[in-house]
Structure formats: C-alpha cells, structure tokens
There are 2 protein chains.
Amino acid sequence: MSDLFSPEGFDDAGKGPLYRQLARRIGDGIASGALQPGESLPPERDMAAMTGLSRVTVRKAVQSLVASGDLVQRRGSGTYVAPRVERLEQALSLLTSFSEDMRRRGKAARSVWLDRSLHTPTPDEVMVLGLKAHDRVARLARVRLADGVPLAIERASLPAALLPDPEAVESSLYAHLETNGLRPVRAVQRLSAVNIGPADAELLELPPGAACLRIERIAYLASGATAEYTLSLYRGDAYDFAAELRLAGDSQGDTP
Amino acid sequence: MSDLFSPEGFDDAGKGPLYRQLARRIGDGIASGALQPGESLPPERDMAAMTGLSRVTVRKAVQSLVASGDLVQRRGSGTYVAPRVERLEQALSLLTSFSEDMRRRGKAARSVWLDRSLHTPTPDEVMVLGLKAHDRVARLARVRLADGVPLAIERASLPAALLPDPEAVESSLYAHLETNGLRPVRAVQRLSAVNIGPADAELLELPPGAACLRIERIAYLASGATAEYTLSLYRGDAYDFAAELRLAGDSQGDTP
DNA sequence: TAGTGGTCTAGACCACTAA
DNA sequence: TAGTGGTCTAGACCACTAC
C-alpha cells in the first residue's frame with residue numbers, strides 16, 4: 001500500500017489534474033481490494049509528504065472519494081475505507097411497512113421523531129390535501145433506522161381531520177389510522193435522485209451531496225379522499241427499489 | 001444583489017463555517033428569485049473582494065452550489081444561475097420507448113453511440129444472461145438526448161445469439177429485435193441513487209458527483225429466456241419516475 | 001489581449017478524538 | 001497532550017473564452 005502514495009507517476013501529462021490522479025489511485029486500491037473496508041489511510045499530512053503534493057491537493061482527492069461514499073473521515077481520528085453497506089431491496093408496487101419490512105429481515109427498526117404536531121398548512125399542502133380555509137395540518141417527520149443505521153427521512157402531512165392528535169402516533173402511522181378505519185388503500189409515488197443538503201445529511205450521517213432517492217407520495221383512502229402527502233429521502237447506497245415492467249400495450253415502441 | 005456579497009454578517013458565531021454561510025446566502029438568493037436563472041454572478045475574485053473572504057473560500061461555497069445543481073460554471077466565461085430544468089415524468093410499470101416518449105412530448109430524440117459491437121462476456125454477463133462457454137455478447141452503449149440535452153446513459157448487453165450484428169441496430173433496439181420476433185415482454189428493474197463519476201459526468205454534461213438514478217434492468221422474452229441486461233444512468237434533475245402502489249395483502253403493516 | 005474559472009502551493013489556526 | 005481532520009488565507013500559474 002505504500003506504493004499507493006509513491007511520488008512517482010504523477011503528472012505524466014494527459015492524466016488530468018493531480019488530485020484526480022491521486023483519487024484514481026486510491027479508488028483503484030479500494031476496488032482491487034488492496035485497501036480493505038475499515039482500513040485506515042495515512043493522515044492527510046503524511047499522504048502529502050509521501051506523494052510530494054500539498055495537503056490541499058491531497059484533501060481534494062480524498063474529499064471526492066468521501067463524496068462518492070468510498071471513504072469516510074472522522075475528525076480527530078482519521079480517514080477510513082468505507083464499510084460495505086448492506087443493500088436493502090424493496091418492492092415499489094406495494095404499500096409496505098418499514099417496521100415490518102425490517103422485522104422480516106431480522107433488523108431492529110427504530111424512529112427518531114423530528115416533528116409530530118399540528119401546523120398551519122403551506123399553500124402546497126392546501127392544494128395536495130384538498131384542505132379548506134382554516135383547516136390545520138398534522139406533520140410527522142422522523143428518521144428511520146435499522147439496527148441503528150439511519151436509512152431514511154420521512155416527512156408526512158395529513159389533514160388534521162384525519163389525525164387530530166399527532167402525538168398519539170407511536171411507531172406506525174398506518175396502524176394508528178386503521179384504528180379509526182382510515183387506512184390508505186392506494187398511493188401514487190414519484191421517484192427522483194437528488195444530492196442531499198447539509199442539514200439532512202447530518203440526520204442520515206452522510207456527507208453533504210451524497211446521492212439520495214427522493215420519493216414523493218400521495219396516498220388515498222378508499223373513499224378517494226387524499227389521506228397523506230409524504231416526502232421521503234432514502235440513502236442511495238442502502239436502498240434498491242424493485243419494479244416489474246410489462247410490455248406497453250401498443251408495442252409501437254422503438255426502444256428500451 | 002450587491003447586498004448579497006456585503007462583508008457584514010459573516011461569522012456572527014453559531015452559523016457554521018464561512019463558506020457555508022456564503023453558500024446559504026447565494027442559495028437563498030436563488031430560491032427567493034433575487035437571482036434569476038441564467039443570471040451571472042460576479043467573478044470569484046470580485047466576490048472575494050466584496051465579501052472580504054479569500055477566493056478559496058468563495059470558491060468552496062460556489063462549488064457546493066455547482067454540485068447541487070444550483071449554479072453552473074464555464075471556464076473563461078463566468079458563473080451563472082442554473083437554468084430551470086424541465087422534468088420529465090415516466091411510468092415505472094411500462095416497458096416504454098425513449099424515442100417514442102420524446103416524440104409524444106414533442107422533443108427530438110437522439111442517440112450518441114459509445115459502443116455497438118461484440119465482446120467476450122464478463123463473468124457477470126455469463127451469469128445474468130445464461131451464456132455458455134465461448135458464447136459472445138453484444139454490447140450497446142449510448143447517450144440518450146432530448147432536444148440536444150443529454151438525459152441518460154444506457155449500457156445494454158445481449159447474447160450474441162439474439163443480436164449477432166449489433167451494428168445493424170439503428171435508433172431502436174426493441175424494434176430491431178422485433179423484426180426477428182424476439183422482443184422482450186417482461187422486465188425486472190432495480191432503482192437506486194448514485195453520485196455520478198467523472199467520466200460519466202462528462203457524457204451527461206453534469207458536475208462530478210451529481211445525483212443520478214441508476215436503473216438495472218433484466219428483460220425476458222416470451223419464452224422466459226433472458227434477452228437483455230441494461231444498466232442505465234438517468235439525470236436526477238431531469239427525471240421523475242412514477243409508480244402506483246396498492247395496499248399490501250396482509251395489511252399487518254404498521255407504517256408507510 | 002484581458003478576464004474568467006481550474007489548479008496548486010505553503011503555512012496557519014481551530015475543534016475534536018484518543019491515549 | 002499529541003495527533004487528526006476542518007477551515008481559512010494570500011498568492012501564483014495555467015487553460016480557456018470572448019472580444
């Protein structure tokens with residue numbers, strides 16, 4: 001591994017900037033197994049001395065690998081190869097339960113509440129939830145953890161009529177709604193990928209900018225009324241969403 | 001807008017590092033509309049002088065906004081507020097056609113081929129495609145564009161038996177397969193979010209680290225044989241994938 | 001040619017962790 | 001207390017763009 005940081009081979013022209021060359025070396029070391037998960041890298045100052053680069057340049061290389069999730073840094077401690085993250089697979093076509101999903105997988109599910117109270121709705125909430133003037137909205141925001149690892153942030157809004165006492169929700173929103181016969185039966189989701197912001201990054205213990213799956217969901221009751229609007233952020237490195245596709249009807253399609 | 005870069009108000013303690021404070025100011029300026037899409041920011045050196053910060057610090061703030069897609073930088077030209085990106089919505093449950101989707105939306109679809117030839121398969125390809133020893137594999141890799149904007153990278157692998165002459169594929173793989181009665185009828189997809197690497201970032205004209213949707217797809221023929229393995233990377237800021245969910249059968253679920 | 005972003009350096013201080 | 005990453009500075013040169 002010492003040869004990883006030898007001063008030779010840098011700037012042989014045509015290989016791009018120095019920080020990228022170093023990032024590539026380290027990244028290759030991880031991919032090849034020369035650097036094992038959990039293994040520590042030399043301190044930044046040592047890497048700088050070994051490679052003959054400045055600490056700022058070394059840092060820029062390391063930062064890019066931290067951003068992509070290949071390395072983690074702990075202040076006062078050191079820089080380490082990121083541990084292998086176990087990926088969880090989830091079906092996209094079912095309204096499933098986080099807690100139950102985890103139980104089935106033998107993991108301990110836990111929530112940390114960020115908010116669980118009534119608010120004056122935003123214009124967006126009024127629109128989506130079909131609220132009337134002076135209606136209030138219940139907001140439930142929490143971090144979801146499995147075996148102590150934060151996996152997702154969920155922020156749900158419901159008409160206060162459906163959930164007059166948000167504090168009463170324990171682990172399961174749907175179970176609570178069901179006691180009043182108000183469990184959603186259908187939902188529409190939109191998925192996209194976003195770079196996580198600094199605040200949310202802290203909640204999920206990720207570096208700012210890490211790729212996350214953003215899922216916007218609107219759930220409906222059997223009556224057709226809107227029950228819930230939820231915005232979730234899932235760790236991109238920990239989640240796979242599975243979906244099955246069937247041939248489009250017209251089959252005029254000319255490409256996958 | 002000049003007050004955006006006034007030296008006052010920095011480091012009033014408890015607001016975090018200077019680069020983050022500046023990033024927040026600029027970000028708020030964009031969100032509030034004080035900075036309009038396409039508008040240019042002052043040169044980095046000027047921002048440094050105006051704020052009383054060093055150029056390195058200004059740059060770090062700007063870089064974080066570039067990474068999140070709020071700003072774009074052009075060397076030799078300047079720094080600009082990113083143009084609004086029109087988001088495209090796509091149903092997740094249908095095997096649709098990129099070209100046709102775009103046509104329906106009134107956009108010009110185009111592909112830039114990266115690869116279109118026969119190769120010796122990787123062990124992964126042998127597994128997934130169910131190849132035999134000495135079988136070869138056809139690889140189709142291309143960048144997909146709509147109205148000149150790169151939206152996705154697709155890398156497909158098929159058994160050479162299904163596609164002996166990859167060069168013959170014009171715009172549509174499925175249309176080509178259909179001429180031989182070999183169009184896939186079913187597919188399984190897995191979605192996750194990833195930070196794009198430097199090489200792919202260049203192809204999609206994105207900054208390295210931008211969030212992308214990674215979609216892995218295995219498609220099957222009516223006979224049940226595996227037809228295709230495709231790894232796609234979609235721009236996270238340009239795509240929404242829509243899915244509908246129904247209540248899980250047992251309804252033991254205790255959470256959304 | 002002048003101005004812009006892109007890269008790189010050497011050195012400094014701070015906040016935190018671990019012994 | 002010693003060592004680590006986190007932040008910040010002033011100054012330099014390069015590659016590219018626009019004129």
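First the proteins, then the strands, lettered A, B, ... as listed; each starts at 1. All values reported here derive from a predicted model rather than from experimental measurement.
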query: Looking at B:Lys107 and B:Glu86, does any basic side-chain N land under 4.0 Å from a carboxylate oxygen?
result: yes
message: I'd like to know if B:Asp115 pairs up with B:Arg139 as an ion pair, taking the criterion as any Lys NZ or Arg NE/NH1/NH2 lying under 4.0 Å from an Asp or Glu carboxylate oxygen.
response: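 Looking at B:Arg139 together with B:Asp115, the answer is no, because their closest N to O distance does not fall below 4.0 Å.
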Paired stretches of DNA chain C - 3 or more consecutive Watson-Crick or G-U pairs, each distance under 3.5 Å: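 Counting only runs of 3 or more consecutive pairs, the stems involving DNA chain C are C:1-18 with D:1-18.
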task: Assign each of A:Gly76 and A:Arg55 to its nearest nucleotide of DNA chain D by heavy atoms, then name whichever residue's nucleotide is nearer the 5' end.
output: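 Nearest nucleotide further toward 5': that of A:Gly76.
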field: 5'-most by nearest nucleotide on DNA chain D - A:Val56 or A:Thr79
entry: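 Its nucleotide being nearer the 5' end, the pick is A:Thr79.
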Show me the donor-acceptor pairs, under 3.5 Å and distance only, between side chains in residues 192-213 of chain A and residues at least two apart or in other chains.
unit_1	atom_1	unit_2	atom_2	d
A:Ser192	OG	B:Arg87	NH2	3.3
A:Asn195	OD1	B:Ala211	N	3.1
A:Asn195	ND2	A:Gly209	O	2.7
A:Asn195	ND2	B:Gly209	O	3.0
A:Asp200	OD1	A:Arg155	NH2	2.5
A:Asp200	OD2	A:Arg155	NH2	3.3

- request: By nearest nucleotide on DNA chain C, pick out whichever of B:Asp46 and A:Gly52 is the more 5' one.
  value: B:Asp46
task: Using heavy atoms to find the nearest nucleotide of DNA chain C for B:Ser77 and A:Leu53 separately, return the residue whose nucleotide is more 5′.
output: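 The answer here is B:Ser77.
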message: Would you say A:Thr79 and A:Gln73 are linked by a side-chain donor-acceptor pair, where the criterion is simply a distance under 3.5 Å?
response: yes
message: Please identify which of these residues, B:Thr51, B:Leu18, B:Leu41, meets the side-chain contact (heavy atoms from CB on, under 4.5 Å) condition with B:Val58.
response: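 The option that passes is B:Thr51.
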- prompt: With no hydrogens and no angle check, is any side-chain donor or acceptor of A:Glu167 less than 3.5 Å from a backbone partner on A:Ser117?
  reply: no
Donor-acceptor contact below 3.5 Å, side chain B:Arg84 vs main chain B:Pro37: no
message: What range of DNA chain C does chain B touch, first nucleotide to last, counting atoms under 4.0 Å from its heavy atoms?
response: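 Going 5' to 3' along DNA chain C, contacts run C:dG3 to C:dT7.
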- prompt: For the residue pair A:Leu151 and A:Ala146, what are the closest heavy atoms and their distance?
  reply: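 Minimum heavy-atom separation between A:Leu151 and A:Ala146: CD1-CB, 3.7 Å.
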- request: Report which part of the nucleic acid A:Arg74 touches: base, sugar-phosphate, or nothing (heavy-atom distance under 4.0 Å, all strands).
  value: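 Sugar-phosphate, backbone atoms only, no base.
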